[in-house]
Amino acid sequence: MSETNMSLRVASVSLSILATIAVGWFLNAAQAILVPIVIGALLAFLMDGISRGMSRLPFYATLVPPWMRMGLTTVVLFILLAVLISFFARNLDPVVRAMPAYLASLSATVSEIAGRFDVEFELTWQSVDRLIFDNIDVQQLIRLTVNSLSYSAGYLALVFLYAILFLIERDSIAVKVAAIVPDERGRKSVWHTIDLITDQIGTYFTTKTLINAILGLVCWVIFLLFGLEFAAFFAVVTAIFNYIPYVGSWVALALPMLFAVGAWGIEMNVFLMFAALCAAQFVVGYFWEPRLMGRSMNLSPVIVMVSLAAWAAIWGLIGAILSVILTSAIMTIMSFFKTTRPIAIMLTNNGEVPATSATPTPKNGRDGRV
């Protein structure tokens, strides 16, 4: 009997591994279809969070009806993202064109420092190209990127269409859940799972977006005060890369610092700007952000890094940005099934997972009786 159970467990583990590999392959193969849908869902969370936050303003909730609040939020957010994409399309190419000149100055600075220690060192744009990109035509890659950004208005419209459809669809979810799960207790459990996931993702994404916007603004002010070229571009890059856990903020910090060393050499301004940027990252990342977000994701740091590598391998930069959100949703879903609950516990930071026995009253009276 024990041998039979052991064989069944080995077979289950093997099938689970194969299923995981198959799902990863499918996610990678269907990236062009799935990524706009996922981004649209996150935009729906963001628009809903902004609309609910704006409703707390004095006189705003009484003067503006809910449907108009959501419409205004959608239009304003669409314009902001369109301006952001246009900004990247205009500034990415000048930044890349300026890289060889900055790298030549950086090479001279590094060679001078190495010469003081009797070390020969030469850094050129060609050597960096070969070292990092391994015979990839960088200029062609940048041109393709700029063209992609220039024609991304249609992609942005598609993402917003998905977001609007998700917002419209939420009103009919109660009817569908009632039809799928006729049992009231099971229906409450389903709503408990849905509300938990949406609250986690909505709170995380909305708060993280606000924090990143403020961090980008602070870094922009720092860049302007020190007179760094492309200050606005590096500020936006900092805000975007800060979505990537742990490594993103430091990668965003390294880019403007390399330009600063290339422009000014090893001077006091470089160290002062580095100190100011580190202070901004520390205050936001290690003091302010944990207090605003609390333990909304509750993921182990090791799992965060593993999920970052896995999702980046599947969906690239978009996967790295969404890694925490996607892994947290998977962990929450797994915690509601007996067979996968131990895995969900291993993914958490403190061993606490959502209580499966909790059956609170669904939000907005959504109990399926319509």
Side-chain angles (χ1 to χ4, degrees), residues 23-24 26-54 66-67 69-78 80-82 84-85 152-177 180 190-213 240 243-245 293 296-297 299 307-308 310-312 314-336 354 362-364 366:
V23 170
F26 171 76
L27 291 174
N28 180 263
Q31 177 179 355
I33 300 174
L34 296 178
V35 169
I37 297 175
V38 174
I39 297 177
L42 292 177
L43 276 179
F45 284 121
L46 182 60
M47 289 188 290
D48 183 66
I50 294 175
S51 180
R52 286 188 286 107
M54 294 292 290
W67 65 268
R69 290 200 298 266
M70 185 60 68
L72 290 174
T73 302
T74 303
V75 171
V76 172
L77 194 59
F78 181 85
L80 289 177
L81 289 178
L84 180 64
I85 292 175
S152 57
Y155 190 86
L156 180 62
L158 177 63
V159 168
F160 265 86
L161 177 60
Y162 280 126
I164 293 172
L165 291 177
F166 277 123
L167 292 173
I168 296 174
E169 189 73 14
R170 65 178 180 175
D171 294 331
S172 63
I173 291 180
V175 179
K176 298 178 181 179
V177 171
I180 296 173
V190 170
W191 278 119
H192 175 54
T193 306
I194 293 175
D195 289 336
L196 186 61
I197 294 174
T198 54
D199 284 347
Q200 282 185 336
I201 295 177
T203 301
Y204 175 85
F205 191 62
T206 304
T207 307
K208 187 72 172 176
T209 300
L210 174 63
I211 291 172
N212 291 355
I240 294 175
Y243 280 106
I244 302 176
M293 302 184 65
S296 57
M297 294 291 105
L299 289 174
S307 67
L308 172 62
W311 285 109
I314 295 173
W315 283 351
L317 180 60
I318 297 296
I321 292 174
L322 303 179
S323 60
V324 172
I325 296 175
L326 297 173
T327 306
S328 176
I330 293 173
M331 182 267 291
T332 303
I333 294 174
M334 294 175 68
S335 68
F336 281 87
K363 293 183 179 181
N364 302 325
R366 301 174 304 189

[atom1]-[atom2] distance between [X] and [Y], expressed to the nearest 0.5 angstrom:
X	Y	atom1	atom2	value
I37	L42	CD1	CG	12.0 Å
L46	F205	CG	CZ	5.5 Å
I211	Y204	CD1	OH	9.0 Å
T327	M334	OG1	CE	11.0 Å

Where is the tightest heavy-atom contact between [X] and [Y], given as atom of each residue plus distance?
X	Y	value
L299	M331	CD2-CE, 4.0 Å
M47	T73	O-CG2, 3.7 Å
L167	A44	CD2-O, 3.7 Å

Query raised in the report: Between I321 and W311, is a side-chain contact (heavy atoms from CB on, under 4.5 Å) present by the stated rule, with each step listed?
Result: CA-CA 9 Å; I321 292 174; W311 285 109; over 6 Å; no
Side chain to side chain, [X] and [Y], heavy atoms closer than 4.5 Å:
X	Y	result
W315	L326	yes
L34	F26	yes
Y243	L322	no
P245	L308	yes
L165	L161	yes
L43	F166	no

Query - N28 side chain vs I314 backbone, donor-acceptor pair below 3.5 Å - result: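 Checked: pair present.
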Report task. Check whether any side-chain N or O of S328 sits under 3.5 Å from a backbone N or O of I325 as a donor-acceptor pair, and report yes or no. Result ->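 Judged by distance alone, no pair lies under 3.5 Å.
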Query - ring-ring contact (aromatic ring centres under 6.0 Å, His included) partners for F160, two or more places apart - result: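 In terms of ring-ring contact (aromatic ring centres under 6.0 Å, His included), with neighbours along the sequence ignored, F160 is linked to F78.
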Requested in this report: Mind running side-chain contact (heavy atoms from CB on, under 4.5 Å) on I244 and L317 for me, showing each step along the way?
Outcome: CA-CA 9 Å; I244 302 176; L317 180 60; 3.7 Å; yes
